[in-house]
Amino acid sequence: QVQLVESGGGLVQPGGSLRLSCAASGFIFSKYTMDWYRQAPGKERELVASISYTGGTTNYADSVKGRFTISRDNAKNTVYLQMNSLKPEDTAVYYCHTLARRNYWGQGTQVTVSS
């Protein structure tokens, strides 16, 4: 079965960095676009970044452009989200997602940006 397992979240001060990882299994990872979403308390889940199956095309929400970088390693079935210059408004649960015949989500990893 499809599994997406996120890791790398935590507490970081404003201006700091974190790197999230999402380990995928149960499907042919190299054939699917992968996404990172986030959901802050009281807000709807929003798309943060996407990467095409080859890694050649990436897209970002305006709020994270220039600060976050999405990447993937198809040999390791893993997608990453490098987050730099973090702000308190980046605080949220971050989810890995793919649409492989249907929507699949990871369990989420908490990112808290606070001094």
Exercise for review: Identify whether V93 and V12 are in the same connected component of the hydrophobic contact network (ILVMFWY, side-chain heavy atoms under 4.5 Å).
Suggested key: no
Review point. If every non-hydrogen atom of N77 is compared with every non-hydrogen atom of N74, which pair is closest and at what distance?
Key: OD1-O, 3.2 Å
Revision key, fill the gap. Only residue of T91, V113, T112, V64 satisfying side chain to side chain contact (heavy atoms under 4.5 Å, CB included) with L86 is V113
**Study point:** For the student: nearest non-hydrogen atoms of S115 and P14, plus distance
**Key:** N-CD, 3.7 Å
Exercise for review: For residues Q107 and L4, determine if any side-chain heavy atom of one lies less than 4.5 Å from a side-chain heavy atom of the other.
Suggested key: no
Review point. Are V111 and Y37 grouped together when hydrophobic residues (ILVMFWY) are joined by side-chain heavy atoms under 4.5 angstrom apart?
Key: no
Point to revise | W36 ring center near F68 ring center (under 6.0 Å) | key: no
Practice item. Determine, using the 4.5 Å side-chain heavy-atom cutoff (strictly less than), whether V2 and I51 are members of one ILVMFWY cluster. Key: yes
Check your understanding: Under 3.5 Å, is there a donor-acceptor pair between the side chain of S52 and the main chain of T57?
Key -> yes
**Study point:** Y60 atom OH, over 12 foreign heavy atoms within 6.0 Å
**Key:** yes
Review point. So, the side chain of Q39 versus the backbone of A92: is there a donor-acceptor pair under 3.5 Å, distance only?
Key: no
Practice item. Test side chain to side chain contact (heavy atoms under 4.5 Å, CB included) on Q82 and S17 and set out the steps. Key: CA-CA 7 Å; Q82 178 66 45; S17 298; 4.0 Å; yes
Check your understanding: Side chain of T78, backbone of K76: donor and acceptor closer than 3.5 Å?
Key -> yes
Practice item. Tell me yes or no: between the side chains of Y94 and R38, is some donor less than 3.5 Å from an acceptor? Key: yes
Practice item. Could you check D90 against R67 for side chain to side chain contact (heavy atoms under 4.5 Å, CB included), going step by step and ending with a plain yes or no? Key: CA-CA 11 Å; D90 294 318; R67 300 188 297 122; 2.7 Å; yes
Point to revise | Y104 (side chain) donor-acceptor with C96 (main chain) under 3.5 angstrom | key: no
Review point. More than 12 non-hydrogen atoms from neighbouring residues, nucleotides or ligands closer than 6.0 Å to CD on E44, yes or no?
Key: no
Practice item. Take L47 and D35 through the side chain to side chain contact (heavy atoms under 4.5 Å, CB included) test and state the conclusion after the steps. Key: CA-CA 7 Å; L47 178 63; D35 314 296; 3.8 Å; yes
Exercise for review: Calculate, to the nearest 0.5 Å, the distance between atoms CZ and OG belonging to F27 and S25 respectively.
Suggested key: 8.0 Å
**Study point:** Contact summary for S71 and V79, nearest pair of heavy atoms
**Key:** O-CG2, 3.1 Å
Check your understanding: Are there more than 12 heavy atoms of other residues, nucleotides or ligands under 6.0 Å from atom CD1 of I28?
Key -> no
Check your understanding: Got a donor-acceptor contact below 3.5 angstrom from the N84 side chain to the G66 backbone?
Key -> no
Check your understanding: Does T109 offer a backbone N or O that forms a donor-acceptor pair with the side chain of E6 under 3.5 Å?
Key -> no
**Study point:** Cationic tip of R72 above F29 ring, under 6.0 Å, 45° of axis
**Key:** yes
**Study point:** Flag, side chain of R45 to backbone of Y95, donor-acceptor distance under 3.5 Å
**Key:** no
Check your understanding: Does the salt bridge (charged side-chain N to carboxylate O under 4.0 Å, His left out) test come out yes or no for K65 and D62, once each step is laid out?
Key -> CA-CA 5 Å; K65 279 182 183 176; D62 287 343; 3.2 Å; yes
Review point. Between S50 and N59, do the side chains contain an N or O donor and an N or O acceptor separated by less than 3.5 Å?
Key: no
Practice item. Report yes or no: is the cationic atom of R19 (NZ for Lys, CZ for Arg) closer than 6.0 Å to the six-membered ring centre of Y80, at no more than 45° off its axis? Key: yes
Review point. In terms of hydrophobic clustering (I, L, V, M, F, W, Y; side-chain heavy atoms under 4.5 Å; direct or indirect links), are W105 and I70 co-clustered?
Key: no
